[in-house]
Every structure is written in C-alpha cells, then in structure tokens.
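A, B, ... follow the sequence lines: proteins, then strands. Residue 1 opens every chain. Scope of the values below: all heavy atoms of this structure, side chains included, with no hydrogens, waters or symmetry mates.
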Amino acid sequence: MAELRTVPGGPAAAPVVVPGGDRDGRFASRMIIAGASILSVVALAAVFAPLLSQWGETEIDAANTLVAPGGSHLLGTDGNGMDIWSRVLYAARLDLGIALAAVALAVVVGTLLGLVAGYFGGWLDDVLMRVVDIFQSFPTFILALAVAALLGNGTINLIVTIAAVNAPAYARLVRAEVRSLRELPFVDAAITSGASPAGVLWRHLLPNSLTPVRVIAPLNCGWAMLTLAGLSFLGLGVSIPEAEWGAMISLGAADVVGGRWWTSVPPGLALFVCVLGFSLLGEGLQDRANAKRR
Amino acid sequence: MTVLSIENLSVTIRRPGRQVAALSGVSFAVRPGEVVGLVGESGGGKSMVARAVVGLLPGGSHATGRVRLGDSDVLRMDDAALAAHRGRGVAICFQNPRGALSPTRTIGKQLVDRLATHQDMSGDRAREAARELFETVGIRSAQRRLDAYAHELSGGMAQRVMISLATGCAPELLIADEPTTGLDVTLTREILRQFRHAADTDGRGVLLISHDLASIAEVCDRVVVLYAGTVVESGPAAQVLREPAHPYTRALLRSVPDVGGRPVVATPGAMPLLTQEPDNCPFVARCAHADRTCSTRRPPTAPVPGGGEWSLACFHPQTRPLDAGTPPPPAAEEKGAETGANPKPAVLEVEDAHVVYRSRFGSGGHHALRGVTLRLAPGETLGVVGESGCGKSTLAKLVMGLVAPTSGTVTVAGRALVGQPGRPRPRGRALRRARTRAQLVFQDPIGSLSPRRTVGDSIAEPLRAAGLSPAQREERVTAVLDRMELDRSILKRYPHELSGGQAQRVGIARALVGEPDLIVFDEPTSALDVTVQAQILDVIADVAADADRASVFISHDLATVRGFADRVVVLYLGRVVEEGPVDVVFDTPRHPYTRALLGSAPRLGPTTGSDGEAVELVKDLEEADAATGCPLAARCPFATGRCRTEQQELQSYGESRAACWRVPELPALIGRQAVTP
C-alpha cells in the first residue's frame, strides 16, 4: 500500500488505499473470546471435579505420600498423601467462588456509595469520600492482611475482607462517572419530567455509570484471586485441609526445595491461568469500549 | 491557472461490516484570490473533501481520481512531500478552534513555531511577524495576546488565532471547515471577512466549508453544493443563491428562516447514506420534480445554458426565482389582538429575577440574569433572542426550576417553583408535580435522552411521575407519537439509533405527553441539519399554536423566532434590552443592540437598503463589562457618559419597549455613521 502512495502522478483510475480501517475491535474480540474460554474451562473443571478425578478433595492415600506424577495419582500427592490433581480441581470452586462473590459485593457496595456521593454531593460526599481516602491510603494487600487478621478465618470473612479492600475503588469510579453524567442534559430532562431523586439515580444514572465498572470488574476478579491466594499462603485465608491454590502452594513450598515440584507448581499454574483469563477478558472489554468511543 | 483542482474524486471507506461511499466523482477548482464555498448538510462529504486535500483520509479509504495542488497529486504524495505540502501548500482552520490549539503553549509560541518550520524565520523576526499577523486578523493589543493561552481566548478570538496560524505559513490554499459554527451572528460576519481579506490581499485560494449557504454567500465568489457525496450544483455565488436551479439547493435555501419573514418550506426525508457510487440521482427520493429518468440514471454534470461557470447535475433544472423577501403573512397580528382583548391568567410570571452563579473559589460570581420580568398568557408564544452568554439558557433553567433565582420570583401555572417570601419552599412530590406543568425541549436532542433507556421509557417519564397506570401511559404515548408522525417501532429503540430529527421529535413528544401549561424550547434546532431544522420548525410551530398552552422559544437566531413568536424579548448580558410584538421589533428595531443583531443576520437575495441602517458594534462581546450603566455601553458606537453611568430601564417607544434613552436620536446618528465610517 505504501508503494501506491509514492507513485508520483500514477494513473488516476488506480485507487489509493489508506491502510488502517480494518482493525477496530477485532483484536479486542479475540482477547475477550480467549479470556472467556479459559474461564469457562476452569469453571467447568470446578463443577465437574468429581467426574474428572477418582480421588476426593480431602481423601488421604496414606500409603502414597509425596509420590511423583503418574500412575493412579495424575499429578502425584502431597505430604499428607492427598491427590494434587483432584485438589487443584476442587480448589477452583473455592477460588473462583470467593473471588466472584467478593468482587460482586464490592461492586454493589461501591456503586451504591458512589451513586449517592456523586449525585447528592455536599457533606455526604465529603464524609463518604474521606472514608474512601482512609481505605485507599493503605497499600491494598497490607489492608487486606489487617482486615483478615481482624475478622479471622472463614469463607464469608474472606469475601468481606476482599470486598472491603476493593469497594472504595468502585465508589470513586462511579462517583466520578455520576458527577460528569449529572451535567448532561438527559439528567435535567428526567428532573423536569418530574422524576424523584431515587428515580433519577436508579433509572438514569445507574445504568449509564456502569460502563467502566463492567470493564474493571473482570480485571479486579483476577486481582481478588491473587489476594485470596496470598492471604491463604500466609495462613490468613483458607486453612488445611480445604483445597485452595494459595494454601496448597504454601503447603508444598517446603517440598519444592527437596525437588518435589509437583506439590506447588500445579496450583500455581492453575492460579496463573485463571488470572490470565480474567486479564484477557478485562483488557479485551476495555479495548472494545475504547474502540466504540472513537 | 488554479490553486486546487479536484478531478473526479471518489472516496469509499471500507471497514469490516460496513462500506460508505463518501464521495462519488467530485470535481471542482479553486483559483488564486478566489473564495469558494463548499456547502451541504452533514454526511454530504464536505469534510471528506477537506481531508482529501490535506492528505488525511481516514483509515480504510479507497480513493480514485486526482487532487491536484499545483503540479502534484496530493493523493499520491509520500509522507515527506505531504509534510511540506501541509502548511506551505495548504493550511486548514478547524471548526473547534480552541480544541485545535495546544492548551499548554502560549498562542504566540505556537505561531512562532509554525513560522520557524515553514518560513525559516527565527527569534525576534518570527515574533515580530507573529504580532503583525495577529493585527491583520483584528486582534487588539496583539503584543499582549502573544503570551496568552488557548483557554484565555473567547471562541471568536481563538478562531482569529487559528486564521493567523493558517495564513502565517503563507499557504497557496486556505481551507476553513465550518469556521463560524458556534459563533454569534455579529462575530460570524467579522470572521468571514477575514477569509475574504486573505483572498483579496494575498491572492490565496480559500475553500470555505459550511452547512449554511446563506451565511457564507456574502463572501464567496463561487459555491459548490454537495449532496450525498456528489456535486449537485456549482457556480457564481450570486446566481446560485438568487435563482438556484437544482431542487436540493432550493430546498436548502427554503429551509433556512430569514429575518425578512419569508416562510420556511420543509422538505421531507433525510440524506441517504450511500454504500456505493449512485447510479441514479441521490436526491430522487425527496425531490418533487423527480420522474422515472431520475431514478434510473445519474444526471450528468452539465453547464447551465448562458450561465457561464454555472453547472448542474439535474434532469429537471428549475428556473423560477426563489421567492425571497416575500412579506410575512399577517396572521400574527390577529393573534396578538385576540390575546390583548380578553386577558387570561398568566401561565408564566417572572418578576425581577436575578441569577448569580457563585464562583467556587473566592467571593466573585457570574451574574447571569439581572432583573428579568416576563409575563406569558395561554396560547402565547414568546421568542427570546440574544448572543451566547446573554443568559438565554439560564432563563430556561430558571423557568424549569433547575436554577433558583438569587432574588425575584418565578410562577408557573400559579405555582411557585422556588421559595417566595412568606411561603415555604416547595419540596418533594409537590415540587415534582409543579415541575411537570412546564416542560423543556433541549438543544441537544440525543444527549437529552437517557442513553440506556428506550425511547418509550423516555417519553413516558412525565406520565410515570404523574402516577398513571401502564395502560394509560401507553395510550397517551401512542397519541403523542401520532402527532409527531413517528412510527410505533421507535418506542423500542435507543437514543443512539435515532437521527437528530427523530430524536428531537421524541424530545418534543416527551414535553407534550404530560399536557403541560408551558413548553420551553431551548435552541431546539441549532444542532440539526438545515433541511431537518425546517421539518422540526414545522412541528414546533404546530405545537406552539395550541391555544391552551404557552410557549417560550429561545434562539440565538433571530430569523427562526420571527416564524411563529407573538412577542419577542432581546436579552443582552442578562438584561432585557428590547421587547415587543415580533413584527414591530423586527421591522422597526429601537435598541442599538437589536439593530446590530438584525444587521448582521444573513439575508438571501439582494441586500439593498437595510444595510445602511445597521449598527456595527465596535468590540467583541468578551471585552464588554456590564458592571454599571448600560450593558452595551462598551460596544455601542453611540455611547455617551450618561450611558456608562446610568442604569437603563425599559421605556415604551411605540408598540415596543427598549432600554435605551437615545432611541429618538438614533436614526439621525446612524445616518451620520453611515456617511463617515
């Protein structure tokens, strides 16, 4: 195509082609498909774990501790004689479940706070945003450690911990969105049509302010999963014998030093693949949103 | 000898899933010292021509034909040749000048940069040249302005800077893409003159792109009319304007209201979006003269017999002159007499309203309205006109209760929207009910519809607030859809799927559905294309004629107001400077500001006589200060010491009222001004 442009005074009938028109959103779509496929496979593996493995989640094969991959234990066993393959599968239930629930809770709470703060402004906005400031002034993982230590172990507590750390970001995001949307004519139109503040918020501002949330949430799921694994690794999350990737990595860490890589590497890989899936999905959605805006 | 010669240029944009034939066989030329106007509605291909000339065709474009600038073909230049070509060969002024200027460098630096790049100037010489360029485009205190940043400039000033940036590289061809959109009438004229000046003094070719034929006609030598990517008519400006032969050009001209009161004739339909080069006349679906030939063959471009350079692509050229300058129908007077005879309770009463927007920092504030008093009876239509910044939109928000007056009162249908002495401020449900008695039609038709709600939802919103059942809502919504001539299927669509005209019909439907006592139209047509504007004005005229309702029509464009308002109010810097029956104010303006506005409004046809009486304001709006005395004192050529110190109140002069004490002396003063300019 570059050659065509440089021909001085070439035939007028030959079309001059400007490259670059055929790329909008195609790469983004591929990323979305790749991310969604990875996550679907993980989710299916989690749901059908009992069918994919002959061993139970916490079943102990006392005769075979720390056996290498192969034979009846596809990925070997850990120091307690529990099957690594089946535990990696079962762990997906907990990891995916907690990450999704935590992000969902963070989105709901953060969005509500952001909507209210952004729409009403004034002292309410000031108070809410200062609280958000306090949360955001700590490094997030340190804050998660502190909250987890405060609340103690347990699935619900972990969900609350991770949600509490993430909600402020959503509150800020939605607040900023609402503040700019509030200046647009359709909000004035709703008000002059007699809509109540709740009506304006619920029917007009909420659906329109969720666009950035939809993009951030998948990325955030990956991050939530890493936080969960990190907390478990440090013993503040899910505890043995329940299967969780971070806890499994932690448990196997000592064995890896002894050359028994299969205790830690498979859960680590599972975690990596999952986070990659969420990242691809999130990035793809973001690119597509940007492409649309152009 | 030509500066620019476009030969049979076709551009098709191919992208996955869609293809657009943006230009189909466009040919025209620009000679040195000539101003050529490129006109048509959006989607016609005007900007695509400009992009082709500067070598900025969008990605995915397939272009054939030639764009000759001097000896070379712009389409086939390499990047180095293009870089030299942009600037020295051709320079462009954009529609949004403030956006096109870099916000972090002073405008002087930006101009000096250009001079250094394209003219090999440096240091003091470049700065001196920059100052001279600023002076040529009419920037006062140019030395000081060199150190200003883009955000410190008003729209008019920024456009002047853009022109100096463009001319500073001494291009052979100057392109201006809608240079005056968003500028006030008084400025538009001034800016357009700068382009004429560039052609006359430096012999540059100028390509002036605009959607509005009437406003650029005055400065153009020739005009080229584009429709759906094809040239439908081109020729000397005077001929094309006075007796256009192509039905589209005629439709375009007839769609524009004229201050003389010529009635607007709407053309149904909208411009088609072509996917490939047309093999018939693209205007065929909207044309009253179309026959079978038009729909089977594409009319060739042929010269009009005896028309010189005038050429046309039409099988049925129209020869009758366009009836410009017909006196307005006398219907308005009867209506006025009727309302005067039996006074009804007012629908809208605004009493000495002031609105001050407090600045967030410090103690200052912006005084948007300064003591406005209005009264409107049912069935009456009030036109509110003025330039940007005069307080028009604040007035609309005030009436709608979206802004509270700092002092004064607003009553709609007998109910106060905001607190009054001795009465509690209405709140909650009561306030919302009171609000629905007045409805607003917005300037931005698509932006005023909630992006993620269906059209049906949006129209039913006022009914939901009134507590109607879904069945009742549906009944009322379908009734109002019929009145707006919209199809039922539109109810399920989303705003981004609508055209501007459809969206504005939806906006009017939403305003009407709750049967309010008052509808405020805030610049309802300024965001629309010319022929769509005419269609919407028809709808609004019909709505405004309802006897049991009052309407307020706000516009920067005097001509649109003349069409159907009974009375008109002229606002300037938050004050009413003149008010009266619409024909009286238009035919015998009293206030110098009204005279200036009317004088700078574009007119079709011969502009004899009236120009002599026009008042020329001496400065741009942003340089005026209205703290004391008459708000116009800083810009009025007749201002005296008394004007600068004494507050001017509205006084009756005949049937209208004006806030100027020199009104009786003005005719004599204007006569003198015309003799010694």
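For a residue to count as touching a neighbouring chain, one of its non-hydrogen atoms must lie under 4.5 Å from one of that chain's; by this rule Ser72(B) does not touch chain A. If you measure heavy-atom distances from Pro495(B) to chain A, you find no contacts under 4.5 Å at all. When heavy atoms are compared at a cutoff of 4.5 Å, Arg68(B) does not approach chain A at all. Contact of Leu449(B) with chain A is made through the backbone alone, with heavy-atom distances under 4.5 Å. The part of Gln439(B) that comes within reach of chain A is its side chain, from C-beta onward, which places non-hydrogen atoms under 4.5 angstrom from that chain.
Here OG1 of Thr192(A) is found 5.5 Å from CG of Leu440(B). Values are rounded to the nearest 0.5 Å. Here Ser458(B) contributes atom OG and His204(A) contributes atom NE2; the two are 6.5 Å apart, rounded to the nearest 0.5 Å.
Around atom CZ of Phe141(A), more than 12 heavy atoms belonging to other residues, nucleotides or ligands sit under 6.0 Å away. Phe272(A) CZ: 12 or fewer foreign heavy atoms inside a 6.0 Å radius. Annotation for Glu497(B): atom CD counts as buried by contact number, over 12 foreign heavy atoms lying within 6.0 Å.
In terms of heavy atoms, Gly194(A) sits closest to Ala465(B) at O-CB, 3.3 Å. Closest approach of Ser193(A) to Thr436(B), counting heavy atoms only: O-CG2, 3.4 Å.
Of all the listed residues (Pro197(A), Gly199(A), Ala190(A), Ser196(A)), the one sharing the greatest number of non-hydrogen pairs under 4.5 Å with chain B is Ser196(A). Ranked by heavy-atom pairs under 4.5 Å with chain B, the list Leu181(A), Asp188(A), Val187(A) is led by Asp188(A).
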Under the criterion side chain to side chain contact (heavy atoms under 4.5 Å, CB included), I'd like the reasoning laid out for Thr211(A) against Arg452(B): C-alpha separation, chi angles, the key distance, then a yes or no.
CA-CA 11 Å; Thr211(A) 313; Arg452(B) 287 186 190 274; 3.2 Å; yes
Check the pair Ser450(B) / Arg203(A) against side chain to side chain contact (heavy atoms under 4.5 Å, CB included), numbers first and verdict last.
CA-CA 9 Å; Ser450(B) 200; Arg203(A) 285 203 309 279; over 6 Å; no
